[in-house]
Q: 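First the structure, which I've put down as structure tokens, then a few questions once you've had a look.
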Amino acid sequence: MGRGITPGAESEGTEGAAGTAPRPPLPPGPFFIVGLGRAGMAGARALASRGETVRVWDEAADPPQVQRAQALRAIGAEVVLGGDGLASLGDSATVLKSPGVPLEAPVVAEAIRRGLPIVDELDIGWRLVPAPTIAVTGTNGKSTVAGLCVSVLEEHGLEPVLSGNTDFGPPLSELALGPPPRSIVAEVSSYQAECSPELAVDAAVFTNLTPDHLNRHRTMAAYAAAKRSLFVRGDWAVPLAALNVDDELGRALAGEIEERGGRAVRYGRSSEADHRIVGCHWGLRGAEIEIDTRDGRVALTSHLPGAHNAANAVSVLALADGLGLPRTPTLAAIAAAAPAPGRFEVVDVDRPFDVVVDFAYAVDSVAAVLAAARSIVASRGGRLITVLAVVGRAGPLSGREVGAVARERSDHLILSGTSYRGEPRLVTLAALAVGARTASGGTLEIVIDRRAAIARALDQARPGDLVAILGRGPTAREATDARGGVRRLDDRAAVTELA
């Protein structure tokens, strides 16, 4: 079985849970925390609760940050809002960086120039929480796989907590404020991994690596290096990993892990896979998957449609088998698990067509979701109507490709604008439109306002059609400006209200 993820393992205090190695000590204080979002807030509270000297800075001074600052000052932390943070760095010995803050930020760059350690909140949280931990990473599928892992561990009595880079659980360091959980499933982004020098999880899943976040990492090599650090680092390797060997990085990691004494369980459609997908059939609300394993053929059912979700489900089976967990309850847990919110989520409407909402916004994820949706409508003679927006700073860089693939796979494509952190909606929308106009495929329409775009799609849908609303998933707010203004906007709620 994998180190630390064992049925019946109990926590044994701060020196490490049963089956886990003792955590390394914290880096030296005082701590300077950059960014006062969820991660920065959690890290500040965890460190302050241990009596560490904590200084916090955030460039924003909007109402949510002011409220967080007041809460931290009440427990003894120093907080400065606004400016560039350079004057506040002072004699700090370690910088705890929120994952959304790039290394090029002036105060972080200055800390690097001084030779100070730069660590992510995830790294600090892992050091403080001595529980067996499974990391899930990759470009696409992280939330789905992490949710399935939680379902499987729950079925086996391991009482997992979902944490990390997710809206569905707390940052890892927040778990340090209470008793250690029996096990943790951490969804880990490349932003977190790049500054987690000591993080050594007990097991990990790699889903895939496709172009994304290049506004941050600049090159695919740098992006891959951040992911790689979760699996191999120097002479260390994760003890157990489930790896997608249809992906070049997954194949490379398998060899590197085994060279360092770890165990790699390969999955995918490749002949190299230990868990090889040989068949997949799906409808709107589920799929049946056939897998060849070293123990023979396995039939797996799931509530997750599409070829991409077949790989997600099989990754969790591969991990559970690698951990030595009994297969029958594992299969039952995967079969019963609901999709993660906003991931091919069916929104029930009393209309003669179907609506799904998905977070997909990058080229590969949009292509995968629309391929799954097109297969469904093709079987019943309907049309695929897509509403698409792209959130985040990468939108202008990838928008053309995303717009092109969306038009190629849709019968009717409606492009809309949206903003997550106050980015100009029209900049991203313009990139999508340029790509869509150069592609062949369905008809194209532009409706800037997101809610109006959804209303337009629902008005056009006919019996047998499927309306796919992509790009925001479970996101429940939209930025109205770069100064912290927001409005409530949930695609799922909009569908329910408008249908």
Side-chain angles (χ1 to χ4, degrees), residues 14 23-131 163-165 169-181 184 186 188-189 191-199 484:
T14 58
R23 301 295 199 245
L26 291 173
F31 290 87
F32 185 73
I33 296 177
V34 181
L36 193 47
R38 291 176 70 244
M41 184 73 176
R45 293 179 64 214
L47 291 168
S49 71
R50 295 173 60 88
E52 300 286 349
T53 299
V54 174
R55 300 165 181 153
V56 184
W57 168 80
D58 194 294
E59 65 180 353
D62 51 52
Q65 304 302 67
V66 171
Q67 186 176 11
R68 290 172 180 143
Q70 291 171 343
L72 290 179
R73 290 179 184 129
I75 59 173
E78 304 172 27
V79 186
V80 174
L81 300 179
D84 59 14
L86 292 171
S88 303
L89 186 57
D91 64 348
S92 301
T94 296
V95 171
L96 186 156
K97 185 184 70 63
S98 296
V101 178
L103 294 172
E104 295 79 15
V107 70
V108 180
E110 172 61 19
I112 293 172
R113 189 191 68 77
R114 295 186 191 182
L116 302 183
I118 312 294
V119 295
D120 192 273
E121 174 274 329
L122 182 79
D123 185 280
I124 294 296
W126 175 79
R127 299 190 207 205
L128 292 176
V129 184
S163 185
N165 179 50
L172 186 52
S173 56
E174 189 170 312
L175 301 178
L177 299 173
I184 297 169
V188 181
S189 73
Y191 291 8
Q192 295 171 302
E194 69 180 357
C195 287
S196 293
E198 295 291 340
L199 181 64

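Side chains included, hydrogens not; waters and symmetry mates left out as well; all remaining heavy atoms used. Start at 1 with the first residue, then count along the sequence.
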Q: Under 3.5 Å, side chain of D120 to main-chain N/O of S196, donor-acceptor pair present?
A: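 No, the answer is negative, given that no donor and acceptor are paired below the 3.5 Å cut-off.
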Q: Give me the atom names and distance for the closest heavy-atom approach of C195 to K97.
A: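 Where C195 meets K97 most closely, the heavy atoms are SG-CE, 3.7 Å.
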Q: Verify side chain to side chain contact (heavy atoms under 4.5 Å, CB included) between L26 and L47, making sure each step is shown before the conclusion.
A: CA-CA 10 Å; L26 291 173; L47 291 168; 3.9 Å; yes
Q: Should P197 and V119 count as side-chain neighbours, where that means a heavy-atom distance under 4.5 Å?
A: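 The answer is yes, as the side chains (C-beta and beyond) meet within the 4.5 Å cut-off.
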Q: For the backbone of P99 and the side chain of E121, can you confirm whether one donor and one acceptor N or O come within less than 3.5 Å of each other?
A: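 No; judged by distance alone, with no hydrogens or angles, the pair does not exist.
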Q: Keeping S173 on the side-chain end and G43 on the backbone end, is there a donor-acceptor pair under 3.5 Å?
A: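 Answer holds: yes.
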Q: Which heavy atom in L175 sits nearest to a heavy atom in P170, and how many Å separate them?
A: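 So the two residues come closest at CD2-CG, 3.7 Å.
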Q: Can you check side chain to side chain contact (heavy atoms under 4.5 Å, CB included) on F32 and L116, steps first, answer last?
A: CA-CA 10 Å; F32 185 73; L116 302 183; over 6 Å; no
Q: When rounded to the nearest 0.5 angstrom, what is the spacing between CG in L96 and CD in E52?
A: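 Going from the CG atom of L96 to the CD atom of E52 covers 11.5 Å.
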Q: Considering only heavy atoms from C-beta outward, does the side chain of W126 approach that of P24 to under 4.5 Å?
A: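 Side chain of W126 against side chain of P24, heavy atoms only: contact under 4.5 Å found.
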Q: If you measure from CD1 on I112 to CG on L103, what distance do you get to the nearest 0.5 Å?
A: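 So the CD1 of I112 and the CG of L103 are separated by 5.0 Å.
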Q: What closest approach, in Å, do P28 and A93 show between heavy atoms, and which atom pair accounts for it?
A: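 Nearest heavy atoms, P28 then A93: O-CB, 3.6 Å.
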Q: Only pairs at least two apart or in different chains count here, so list each side chain to side chain donor-acceptor pair (under 3.5 Å) that has a residue in residues 66-81.
A: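 Residue pairs with at least one partner in residues 66-81: Q65-R68.
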Q: Compare all side-chain heavy atoms of L36 with those of P64 and state whether any distance is below 4.5 angstrom.
A: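 L36 vs P64: side chains apart.
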Q: Enumerate the salt bridge (charged side-chain N to carboxylate O under 4.0 Å, His left out) contacts for residues 109-118, please, sequence neighbours excluded, ordered by first and then second residue.
A: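 Salt bridge (charged side-chain N to carboxylate O under 4.0 Å, His left out) check on residues 109-118 returns E110-R113, E110-R114.
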Q: How close do L122 and G164 get, heavy atom to heavy atom, and via which atoms?
A: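 Taking L122 first and G164 second, the nearest heavy atoms are CD1-CA, 4.5 Å.
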Q: Donor-acceptor pairs under 3.5 Å, side chain of residues 82-89 to any protein atom, not counting sequence neighbours: which ones?
A:
unit_1: D84; atom_1: OD1; unit_2: L86; atom_2: N; d: 3.0

Q: For S49 and L177, which heavy atoms make the closest approach, and how far apart are they?
A: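 In terms of heavy atoms, the two residues are closest at OG-CD2, 3.6 Å.
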Q: So do P27 and R127 actually touch side chain to side chain, heavy atoms under 4.5 Å?
A: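 Counting from C-beta outward, R127 and P27 do come under 4.5 Å.
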Q: As an exercise, state the distance from CG of D58 to CD1 of I33, rounded to the nearest 0.5 Å.
A: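 Output value for this atom pair is 11.5 Å.
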Q: S163 and I184: which non-hydrogen atoms are nearest, and at how many Å?
A: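 Heavy-atom minimum between the residues: CB-CG2, 4.2 Å.
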Q: Find out whether L128 and R23 are in side-chain contact, i.e. whether some heavy atom of one side chain is under 4.5 Å from a heavy atom of the other.
A: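 No, their side chains stay 4.5 Å or more apart.
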